[in-house]
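Notes to accompany the following structure.
For reference, positions follow the sequence shown, starting with 1. Excluded from the calculations below are hydrogen atoms, water molecules and symmetry mates; all remaining heavy atoms, backbone and side chain alike, are included.
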Amino acid sequence: MKQSSLLNRYRLLIALLLMAVFLLFIVLLKGKHYLLFSFMCLICSLLPAYWRFEHDPISTQTLMFVAVLIALAVATRVPLGAIPGVQGASFVVILSGVSLGPELGFITGSTTALVSNMFMGQGPWTPWQMVAWGLMGLTAGLFMKARLSHSLIFMIVFACVWGYLFGWIMDLWYALAYVSPLTIKNFILAFAASFFPFDTFHAASNAFLIALFYKPWEKLFHRLVAKYNILPDKNQ
């Protein structure tokens, strides 16, 4: 019983550590077998939800709602792919965490990267995008539990900050995989190169979408969660 409680408490941390191991393998193997590692990261992202719902299985309504959110995130990412840094998917991923909590927000974010890259191109960057968007959904879910998600100003700042954090996670992959020699100067230059326009456009588009659409969409999503009993433990 104590071991089960400990596992439940640290389920997200365990999943993230496993994903970090697979990201390390991608770097060491110079991008080889990236698709295999992408699916391994996907399995890792599913583990926290599996552990959470081990004694209370995920309902069909929940699975359908998560699938709809992933499809919506993909649909908002692919058409905007030609605009540097603009990621409409981030808006949906943030909303998924706010509506469904950290575990399912993590799944929505990581799966969005894998599925959308089937249209935009898979590569060794895919697992890193899965981690970045997964963490975005996870942290949004944690703030939902702290009720900070009710503040529009806070969520605008949160979305803006994640525009840069997402870029820095991808810069870390690029620096580790392709920058040689990996000196402090070259490491900083790799990060600075994407600061504008990519990271700044991502942060600005996140803030714009949250400011414009967050409140009505948050209300809609919470209404759907309650109406269709998508999260029974939340609605009891």
Side-chain angles (χ1 to χ4, degrees), residues 7-8 10-54 57-78 81 87-142 162 165-170 172-174 176-177 230-231:
L7 179 65
N8 188 58
Y10 294 108
R11 56 182 179 257
L12 289 171
L13 180 59
I14 293 170
L16 288 172
L17 288 175
L18 288 173
M19 293 178 82
V21 170
F22 292 126
L23 295 182
L24 178 61
F25 276 124
I26 289 176
V27 172
L28 294 176
L29 295 174
K30 302 297 182 182
K32 295 179 180 178
H33 312 298
Y34 62 83
L35 200 55
L36 171 63
F37 289 121
S38 296
F39 281 103
M40 295 304 294
C41 286
L42 178 62
I43 292 172
C44 290
S45 72
L46 296 174
L47 287 177
Y50 171 79
W51 287 328
R52 176 186 172 186
F53 294 100
E54 183 179 2
I58 301 178
S59 66
T60 304
Q61 296 98 311
T62 304
L63 292 174
M64 289 181 63
F65 192 64
V66 171
V68 168
L69 289 178
I70 293 169
L72 182 61
V74 172
T76 55
R77 183 190 179 200
V78 174
Q87 300 284 4
S90 295
F91 172 74
V92 181
V93 170
I94 291 170
L95 275 171
S96 72
V98 168
S99 304
L100 300 175
E103 293 90 355
L104 296 180
F106 191 44
I107 290 175
T108 304
S110 60
T111 310
T112 292
L114 182 63
V115 175
S116 60
N117 280 353
M118 293 179 180
F119 301 95
M120 303 188 69
Q122 302 284 356
W125 55 84
T126 298
W128 292 83
Q129 289 177 331
M130 293 174 69
V131 170
W133 263 314
L135 287 173
M136 189 184 296
L138 185 155
T139 50
L142 292 176
W162 255 109
L165 289 178
F166 184 96
W168 293 342
I169 291 172
M170 299 309 299
L172 177 62
W173 159 74
Y174 175 79
L176 292 175
I230 290 172
L231 292 179

Could you walk me through whether W128 and I26 satisfy the side chain to side chain contact (heavy atoms under 4.5 Å, CB included) test, starting with their C-alpha distance in whole Å, then the side-chain angles of each, then the deciding distance to 0.1 Å, before giving a yes or no? CA-CA 10 Å; W128 292 83; I26 289 176; 4.3 Å; yes
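- Atoms CH2 and OH, on W125 and Y174 in that order, are 13.0 Å from each other to the nearest 0.5 Å.
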Passes side chain to side chain contact (heavy atoms under 4.5 Å, CB included), L172 versus W168? Steps please. CA-CA 6 Å; L172 177 62; W168 293 342; over 6 Å; no
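- Within the 4.5 Å cutoff, side-chain heavy atoms of Q122 are placed close to those of L114.
- Residues M120 and T126 are not in side-chain contact: their nearest non-hydrogen atoms beyond the backbone lie 4.5 Å or more apart.
- The aromatic rings of F37 and H33 stand perpendicular to each other, their planes meeting at an angle above 60°, with 30° marking the opposite boundary.
- Residues W162 and T139 have side chains in contact (heavy-atom distance under 4.5 Å, counting atoms from C-beta outward).
- Side-chain contact between Q87 and W133 is present, with heavy atoms from C-beta onward closer than 4.5 Å.
- Screening C44, P127, S38 for a side-chain contact (heavy atoms from CB on, under 4.5 Å) involving F22 leaves a single residue, C44.
- With values rounded to the nearest 0.5 angstrom, L46 atom CG is found 6.5 Å from S110 atom OG.
- Put simply, the side chain of L100 reaches to within 4.5 Å of the side chain of V66, judged on heavy atoms.
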With side chain to side chain contact (heavy atoms under 4.5 Å, CB included) as the criterion, how do V27 and L23 come out once you've worked through the C-alpha distance, each side chain's angles and the decisive distance to 0.1 Å? CA-CA 6 Å; V27 172; L23 295 182; 5.9 Å; no
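- Distance OG1/T111 to CG/L69: 11.0 Å, rounded to 0.5 Å.
- A heavy-atom distance below 4.5 Å is not found between the side chains of T62 and F65.
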